[in-house]
Q: 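Starting off with a structure, shown below.
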2 protein chains.
Amino acid sequence: MAAAAGVSPTTVSHVLSGNRPVNERTATRVRSVVSRLGYVPASLARGLQAGSTSVIGLLIPDISNTFFAELAKGVEDAAHHLGYGVILCNTEFDSDREDRYLGLIRSRFVDGVVYAAGSPPSRQRLDALVGQFPIALADEEVEGLGATLITTADHEGGGRLVGEHLRTLGHRRALMLTGPSDLRSSSARGSGFKEAFEGEVVERVGDFKEESGYRLMKEALATGRLEQTAVFAGNDLMAIGALAALREAGLSVPQDVSLAGFDDIRAASLVFPPLTTVHQPAYDVGHTATTQLLQYVARHQVPPSARHTLPVQLKVRESTAPPAP
Amino acid sequence: MAAAAGVSPTTVSHVLSGNRPVNERTATRVRSVVSRLGYVPASLARGLQAGSTSVIGLLIPDISNTFFAELAKGVEDAAHHLGYGVILCNTEFDSDREDRYLGLIRSRFVDGVVYAAGSPPSRQRLDALVGQFPIALADEEVEGLGATLITTADHEGGGRLVGEHLRTLGHRRALMLTGPSDLRSSSARGSGFKEAFEGEVVERVGDFKEESGYRLMKEALATGRLEQTAVFAGNDLMAIGALAALREAGLSVPQDVSLAGFDDIRAASLVFPPLTTVHQPAYDVGHTATTQLLQYVARHQVPPSARHTLPVQLKVRESTAPPAP
DNA sequence: TTGTAAGCGTTATCAG
DNA sequence: CTGATAACGCTTACAA
């Protein structure tokens, strides 16, 4: 490239970066050759020299889950806006896969990480990174981790909103279909709910997947007549599973039983009946986490501890109603 | 690192790569230092030396669209399986953004690209790349592009399936709410449909977004009584929009009008009534495109022209029925 | 205003 | 069996 323009690589570099003045004639000549040849500086070489890649990693368990897809969009938007690329690390809840990606991170292919795959086995793996590498936890916090940026929705507040809502409607006995008990997001939803509901709550533990909502609901139904008048599912996916089980059992929502979810994924408003749920700002979580992270990454600093809790919103739709008399 | 183990960098490299025999004692010592220090070779330096990054780019318009999210998952799975990472390039249908990402590609940050953002303005931008850079087109082909790998679902066949289905039910007049006319996928669905339907078809052109389905349906309804007994939307999103418009107009599906979509996104089976649609193997499209692409990338070859058309499947649900007598 | 040379952290080649 | 050296393609002192 330099040869083609009859100048040194240095000059080409400076023409392109504007890092030092270049004679206008020379610059023009260089630019014309650059565009004729379609030359673009090799980002690897540049990154090696600069000690940074302008790319961040996004670790999530499942990109086809609309919640994470929204979050990913927020991350990508923020990153793009600040001049960073995003490398997609889909773990499928698989620890081998997560390991591989953590390796990629430690090989300094990325300048920072937005970590949204908070399943517990991740902890030890993360430990090695945190404090030495810029990480922002999104959506899920990881217990016992050192200094980190944390951005989550207000899970506890959301649970509280649902609890109040059902109590106000007149429900006194509720069934909770929770997510994994070792996830803070899951337990926080539950504790918020129980605190506000004040009535009798029976818990069944699932895993945030649709199938577990279905199965748990089936099990609850199998014991005979359902004792509770309301069901609070740990997330919308589980609620949708529970809805199917309820329908199969000939129970109608909300006449026979009220049902509420969490997340407000797109499907929640599409099912019949549309689901009462807690809107979680997935996009904002991703966006905020990324903006926070990059603020430090750009200055070559390891981020400090800080927590951002984003507000949630109760969406009352048609799946909840007063209990049958 | 090398110093800490008392050997040369060369030896460290060989211990880690296994590229040449190393004395077992030396190797053990090196490995212990490696793990104590948590050393991982810098991928940038490695990539610079090797002339490849083991990362591919995935260009899509919108990761929060479930179709693309599924496709992305297929891409990521295939890539991961073959030892590649995926960098997420979400264009938001924005050409500036696409340009930035194409720049990233031309800077050789990636070894290849899966391109699934086939909006027409992309063509000239792609031209500069194709033939010099490994690209696989997924889901959407771009007209007039040179040698490329193309993987799409059988859009035309899918349209045909819907056409036959509606004709068999007894419909003779249909309204088509199409996607952008300059997308092959969209026009192919339409031509397949018209060919098989054999009846009278009125077309209205939208843009594959939910809102356009709603608007187009509204417009059709505004002209007075709907002349057609069946509506074929270019994709499920548009069908869901149309469904809302129909509902608002007091028309019920499928009693008053039959409605079919395309894609079989998750929401399609969740809406009420569940949508008759064409299942498009989004995951497989992504997976196939990536597998094909990497086959050449791994050998440092530019891929030849080849086309893979993946079969689609008609999912008959409750939104279609014989026309009212 | 421009060029030369060092160095970023690897791996391949060539020696020993 | 192991080490020195060059090279990957850039950017940035340092020189001219």
Side-chain angles (χ1 to χ4, degrees), chain A residues 1-35 37-55 83 85 103-111 132-133 297-298 300, chain B residues 1-34 37-55 83-85 103-111 132-133 297-298 300:
Chain A
M1 168 61 224
V7 295
S8 73
T10 305
T11 300
V12 176
S13 172
H14 287 306
V15 168
L16 261 34
S17 71
N19 268 353
R20 83 178 182 193
V22 175
N23 179 297
E24 196 41 55
R25 283 248 287 288
T26 317
T28 312
R29 183 156 39 91
V30 169
R31 271 190 280 265
S32 89
V33 175
V34 161
S35 78
L37 266 48
Y39 167 80
V40 179
S43 41
L44 285 195
R46 193 197 283 250
L48 184 60
Q49 151 71 27
S52 70
T53 62
S54 290
V55 170
L104 192 69
I105 289 163
R106 296 174 52 172
S107 75
R108 282 141 293 165
F109 197 81
V110 295
D111 292 348
Q132 333 197 90
F133 195 87
V297 166
H300 298 274
Chain B
M1 169 60 223
V7 295
S8 73
T10 306
T11 300
V12 176
S13 172
H14 287 305
V15 169
L16 260 33
S17 71
N19 268 354
R20 82 180 181 193
V22 175
N23 179 298
E24 197 40 56
R25 283 249 286 289
T26 317
T28 312
R29 184 157 38 91
V30 168
R31 271 189 280 265
S32 89
V33 175
V34 161
L37 267 47
Y39 166 81
V40 179
S43 40
L44 285 194
R46 194 195 281 247
L48 184 59
Q49 152 69 31
S52 70
T53 62
S54 290
V55 171
Y84 284 77
L104 192 69
I105 290 165
R106 296 174 52 170
S107 76
R108 282 141 293 167
F109 197 80
V110 295
D111 292 347
Q132 335 196 90
F133 196 85
V297 166
H300 298 274

Q: For the side chain of B:P21, counting heavy atoms from C-beta on, which of D:dG9, D:dC10, D:dC1 is nearest?
A: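 The answer is D:dC1, which lies nearest to the side chain.
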Q: Tell me whether the side-chain N or O atoms of A:R20 pair up with the base of C:dT1 as donor and acceptor below 3.5 Å, since no angle test is needed here.
A: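 Answer no: no donor N or O sits under 3.5 Å from an acceptor.
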Q: Taking A:P41 as the fixed residue, which of A:L16, A:V12, A:V34 is the one that meets the side-chain contact (heavy atoms from CB on, under 4.5 Å) rule?
A: A:L16
Q: Taking only side-chain nitrogens and oxygens of B:S13, does any of them come within less than 4.0 Å of OP1 or OP2 of C:dT11?
A: yes
Q: Is any side-chain N of the basic residue among A:E24 and A:R31 closer than 4.0 Å to the acidic one's carboxylate O?
A: yes
Q: In whole angstrom, give the distance that lies between atom CE of A:M1 and atom P of D:dT11.
A: 12 Å
Q: Would you call B:F133 and B:V110 a side-chain contact if the rule is heavy atoms closer than 4.5 Å?
A: yes
Q: Roughly how many Å is it from CG in A:L48 to P in C:dA6, rounded to a whole number?
A: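 My rounded result for the distance is 17 Å.
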Q: Map B:V22 and B:A45 onto DNA chain D by nearest heavy atom, then report which one ends up closer to the 5' terminus.
A: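 Between the two, 5'-proximity favours B:V22.
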Q: Counting only side-chain N and O atoms of A:N19, is one of them less than 4.0 Å from OP1 or OP2 of D:dT12?
A: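 Yes, such a contact exists.
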Q: B:L44 CG to C:dG9 P: how many Å, rounded?
A: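 Answer to the nearest Å: 10 Å.
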Q: Students often get this wrong, so: under 4.0 angstrom with heavy atoms, is B:T26 touching a base, only sugar-phosphate, or nothing?
A: sugar-phosphate
Q: Rounded to whole Å, please give me the gap between CZ in B:R108 and P in D:dC8.
A: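 These atoms are roughly 13 Å apart.
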Q: Over all strands shown, is B:T10 touching base, sugar-phosphate only, or nothing at heavy-atom distances under 4.0 angstrom?
A: base
Q: Base, sugar-phosphate alone, or nothing: which one does B:H14 contact when heavy atoms must sit under 4.0 Å apart?
A: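 If one applies the 4.0 Å heavy-atom cut-off, B:H14 turns out to touch nothing in the nucleic acid.
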Q: Mind checking A:S8 for me? I need base, sugar-phosphate or nothing, with any heavy atom below 4.0 Å counting as a touch.
A: base
Q: Could you check whether any side-chain heavy atom of A:R46 comes within less than 4.5 Å of a side-chain heavy atom of B:L44, counting everything from C-beta outward?
A: no
Q: Does a distance-only test, which skips hydrogens and angles, find a donor-acceptor pair under 3.5 Å between the side chain of A:Q49 and the base of D:dG9?
A: no
Q: Nearest to the side chain of A:N23 - C:dT1, C:dT10, D:dC10?
A: C:dT1
Q: Just by distance, do the side chain of B:D111 and the backbone of B:T53 share a donor-acceptor pair under 3.5 Å?
A: yes
Q: Once you round it to whole Å, what is the distance between C1' of D:dT2 and CZ of B:R29?
A: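 The distance from CZ of B:R29 to C1' of D:dT2 comes to 11 Å, rounded to the nearest Å.
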